[in-house]
Chemist: 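A single structure is presented below for examination.
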Number of protein chains: 2
Amino acid sequence: MKTRDKILLSSLELFNEQGERNVTTNHIAAYLAISPGNLYYHFRNKSDIIYEIFQEYEKLVDYYLDIPENRPLNLDDMTFYLESVFDGLWSYRFLHRDLENLLDRDQRLRNDYREFTDRCLAAISRIFEKLAEGGVLEPQPDTLRAAMSLNVWLIVTNWMAFLKTAHGEKASACLTLRELKQGIYQVLTLEIPYVTPVYREQVLELREKYRPTMPEQEGEREVSVG
Amino acid sequence: MKTRDKILLSSLELFNEQGERNVTTNHIAAYLAISPGNLYYHFRNKSDIIYEIFQEYEKLVDYYLDIPENRPLNLDDMTFYLESVFDGLWSYRFLHRDLENLLDRDQRLRNDYREFTDRCLAAISRIFEKLAEGGVLEPQPDTLRAAMSLNVWLIVTNWMAFLKTAHGEKASACLTLRELKQGIYQVLTLEIPYVTPVYREQVLELREKYRPTMPEQEGEREVSVG
DNA sequence: GACTCCCTAGAGTATATACTCTAATAATAC
DNA sequence: GTATTATTAGAGTATATACTCTAGGGAGTC
């Protein structure tokens with residue numbers, strides 16, 4: 001693998017594990033056993049590394065959120081979207097951790113992220129619309145659907161932060177993809193009232209699959225996640 | 001005012017405006033026109049300042065979220081809770097910005113925050129319960145109510161972050177309390193399906209008050225907030 | 001061999017940041 | 001007044017971090 005790609009890959013890995021703030025360019029170089037000079041030969045600065053990783057993330061999510069125009073959506077589609085989005089979040093989880101600081105430091109990123117958000121919100125809304133076409137959800141007026149989509153976005157993008165802050169320990173390491181996907185339970189909770197009677201049972205069943213299992217057997221404490 | 005209190009006050013102000021990461025102890029001292037030595041005479045380190053500010057925040061929110069046990073809750077109560085909570089968020093908004101890093105750097109804060117979250121979630125759930133008693137909301141099973149409360153928490157605590165990232169410009173400064181309170185619109189959106197028919201109209205009316213006004217007259221772009 | 005181009009090493013730098021140390025000054029107690 | 005304590009100034013430090021600069025190796029081409 002090319003050094004440049006190694007840098008991107010390792011940066012992502014380190015950022016995800018330790019947070020961007022705690023990973024310096026020198027750390028990345030040391031981790032790869034290359035010199036700082038080498039790293040800076042491939043990237044002008046740290047921001048450029050982050051920006052490039054963000055672009056990968058953007059591509060991935062855009063790919064996931066591609067919505068077929070020729071047919072309505074069903075429950076399987078919804079499951080796929082939810083699973084995919086949380087997979088993406090997991091793979092690039094550092095981005096949503098220190099987002100505000102990242103955006104403050106890089107205007108390109110700020111603009112791109114804003115547009116990215118808009119695209120995602122539009123996609124979520126469109127998914128709701130097509131789920132209604134497919135008879136899974138009750139149809140809703142545009143404004144309500146938009147507000148709901150925004151709520152979904154808020155839950156999806158911040159579920160991980162909640163998990164990390166709700167943990168007692170450092171939590172950076174001990175978070176799992178499985179836990180993350182309990183966010184799907186939360187999203188489905190939001191949707192329940194809008195599910196058509198025909199699909200109600202199925203959705204509730206699907207939701208159960210993501211129900212948080214009380215994690216700590218020590219009986220110490222439980223996050224009251226329902 | 002005592003120097004110690006001035007430090008706390010100015011720190012809060014600077015943290016809110018520029019983010020904790022961007023405000024050094026030297027900045028705080030310079031802002032107050034005191035020496036670094038003086039600052040460190042009053043506080044052992046930066047973490048202690050943050051921790052003390054957090055404790056104020058905790059007290060404030062705990063005070064707001066005190067729930068009368070002798071009567072059910074009505075719509076005015078709900079409005080009060082929402083308004084108060086967003087006021088509190090506004091006053092201490094830096095805390096929710098870089099929370100993960102703050103918690104990583106201070107174990108006390110981590111523990112306290114975890115308990116704080118639990119208390120808030122319990123309070124939200126209790127409010128829903130009492131709103132049901134008051135006939136405002138339909139009663140819900142415990143698990144659903146818990147999951148809903150968590151969704152409310154996610155929306156409330158992350159609405160500001162969304163606003164900041166959705167803005168095109170640096171946004172640190174140009175965010176207003178008024179905009180922040182559009183978060184109430186989002187929370188009420190979540191509650192709509194559970195409002196009893198008797199109160200439906202009133203809640204929708206209340207919600208309208210917080211509807212985001214399309215902000216930029218330049219016709220440039222609009223955050224699709226419904 | 002010499003030239004070029006891509007890549008790499010590694011010492012080095014400017015700046016920042018959290019924090020320390022000493023000495024002096026103001027406030028208070030006796 | 002004097003002793004004691006609380007407060008303050010301000011220079012200074014250790015460490016970190018993002019980044020630079022120079023020198024050179026290796027591979028391909030002529």
Side-chain angles (χ1 to χ4, degrees), chain A residues 1-54 94-95 97-98 100-110 172, chain B residues 1-54 94-95 97-98 100-110 172:
Chain A
M1 189 187 296
K2 295 215 164 185
T3 303
R4 192 187 153 83
D5 295 328
K6 279 199 237 166
I7 293 172
L8 287 173
L9 213 67
S10 300
S11 297
L12 176 58
E13 194 183 327
L14 293 174
F15 289 161
N16 277 340
E17 274 169 15
Q18 302 171 32
E20 178 269 341
R21 183 174 184 174
N22 304 317
V23 177
T24 72
T25 48
N26 291 350
H27 286 151
I28 299 167
Y31 180 79
L32 281 168
I34 66 173
S35 65
N38 194 354
L39 187 147
Y40 278 91
Y41 169 78
H42 290 286
F43 293 93
R44 251 191 21 251
N45 51 42
K46 197 180 172 186
S47 272
D48 275 9
I49 299 178
I50 296 167
Y51 186 61
E52 204 143 319
I53 294 177
F54 169 73
F94 87 93
L95 278 172
R97 168 162 175 177
D98 220 359
E100 279 188 59
N101 276 314
L102 294 180
L103 299 193
D104 267 1
R105 278 150 206 270
D106 190 337
Q107 189 66 39
R108 288 172 307 177
L109 197 60
R110 172 170 287 282
S172 333
Chain B
M1 191 186 296
K2 295 215 163 184
T3 304
R4 193 187 152 81
D5 294 328
K6 278 198 238 167
I7 293 171
L8 287 173
L9 213 68
S10 299
S11 297
L12 176 58
E13 193 183 326
L14 293 173
F15 288 161
N16 277 340
E17 274 169 14
Q18 303 171 32
E20 178 270 340
R21 184 175 185 174
N22 303 319
V23 176
T24 74
T25 48
N26 291 348
H27 286 152
I28 299 167
Y31 180 79
L32 281 167
I34 65 173
S35 65
N38 194 355
L39 187 147
Y40 278 90
Y41 170 78
H42 290 286
F43 293 93
R44 253 196 14 256
N45 51 42
K46 196 180 172 186
S47 273
D48 276 8
I49 299 178
I50 295 167
Y51 185 61
E52 204 143 319
I53 294 177
F54 170 73
F94 87 92
L95 279 173
R97 167 162 177 178
D98 220 359
E100 279 188 59
N101 277 315
L102 294 179
L103 300 192
D104 267 3
R105 277 149 208 272
D106 190 337
Q107 189 66 41
R108 289 173 306 177
L109 197 61
R110 173 170 285 283
S172 333

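Here is how names work: the chains are called A, B, and so on, in the same order as the sequence lines, proteins then strands, and each is numbered from 1.
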Chemist: What distance separates B/Ile7 CD1 from B/Ile28 CD1, expressed to the nearest 0.5 Å?
Modeler: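 CD1 of B/Ile28 is found 8.0 Å from CD1 of B/Ile7.
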Chemist: The side chain of B/Ser35 lies closest to which of these nucleotides: D/dA9, C/dA9, C/dT8?
Modeler: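 For B/Ser35, the side-chain atoms sit closest to D/dA9.
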Chemist: Are B/Arg4 and B/Phe43 packed together at the side-chain level, in the sense that at least one heavy-atom pair is separated by less than 4.5 angstrom?
Modeler: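 Yes - at least one pair of side-chain heavy atoms lies under 4.5 Å apart.
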Chemist: Under 4.0 Å between a side-chain nitrogen and a carboxylate oxygen: does that hold for A/Glu20 and A/Arg105?
Modeler: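 So A/Glu20 does not pair with A/Arg105 through a salt bridge.
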Chemist: Between P on D/dA18 and CG on A/Asp106, what's the gap in Å once rounded to a whole number?
Modeler: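 Computing the A/Asp106:CG to D/dA18:P distance gives 15 Å.
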Chemist: For nucleotides 21-26 of chain D, tabulate all protein N/O to nucleotide N/O atom pairs closer than 3.5 Å, reporting atom names and distance.
Modeler:
none

Chemist: Looking just at side-chain N and O atoms, do B/Arg97 and B/Asn16 make a donor-acceptor pair shorter than 3.5 Å?
Modeler: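 No, no side-chain donor-acceptor contact under 3.5 Å.
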Chemist: Using only side-chain N and O atoms of B/Tyr41, determine if any of them is under 4.0 Å from OP1 or OP2 of D/dT7.
Modeler: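 Checking D/dT7 against B/Tyr41, a side-chain N or O does come within under 4.0 Å of OP1 or OP2.
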Chemist: Closest heavy-atom contact between A/Leu102 and A/Ile50?
Modeler: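 Nearest heavy atoms, A/Leu102 then A/Ile50: CD2-CD1, 3.9 Å.
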Chemist: The side chain of B/Lys46 lies closest to which of these nucleotides: C/dC19, D/dT17, D/dT8?
Modeler: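 From the listed options, C/dC19 comes nearest.
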Chemist: Using a heavy-atom cut-off of 4.0 Å across all strands, would you classify B/Ile34 as base, sugar-phosphate, or nothing?
Modeler: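 It contacts sugar-phosphate atoms only.
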Chemist: Which nucleotide sits closest to the side chain of A/Thr3: C/dG10, C/dC7, C/dT17?
Modeler: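 My answer, after comparing the listed nucleotides, is C/dC7.
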Chemist: Are the side chain of B/Asp5 and the backbone of B/Met1 linked by a donor-acceptor contact shorter than 3.5 Å?
Modeler: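 Answer holds: no.
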Chemist: Check this for me, if you would: do A/Asp104 and B/Arg21 make a salt bridge, where the nitrogen-to-carboxylate-oxygen distance has to be below 4.0 angstrom?
Modeler: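 No salt bridge links A/Asp104 with B/Arg21.
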Chemist: Taking side chain to side chain contact (heavy atoms under 4.5 Å, CB included) as the definition, give me every residue that meets it alongside A/Asn45, ordered by chain and number, with sequence neighbours left out.
Modeler: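 A/Asn45 satisfies side chain to side chain contact (heavy atoms under 4.5 Å, CB included) with A/Ser47, A/Asp48 only.
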Chemist: Separation of A/Arg105 atom CZ from C/dA16 atom P, in whole Å?
Modeler: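 One finds 13 Å between P of C/dA16 and CZ of A/Arg105, rounded.
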Chemist: Where along residues 25-33 of chain A does a heavy atom come under 4.0 Å from DNA chain D, residue by residue in number order?
Modeler: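 Those residues whose heavy atoms fall under 4.0 Å from DNA chain D, taken from residues 25-33 of chain A in numerical order, are A/Thr25, A/Asn26.
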Chemist: Could you state the atom-to-atom distance from CG of B/Asn45 to P of C/dT17 in whole Å?
Modeler: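 The distance from CG of B/Asn45 to P of C/dT17 comes to 17 Å, rounded to the nearest Å.
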Chemist: Of all heavy-atom pairs between B/Lys46 and B/Val23, which one has the smallest distance, and what is that distance?
Modeler: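 Closest heavy-atom pair between B/Lys46 and B/Val23: NZ-O, 2.8 Å.
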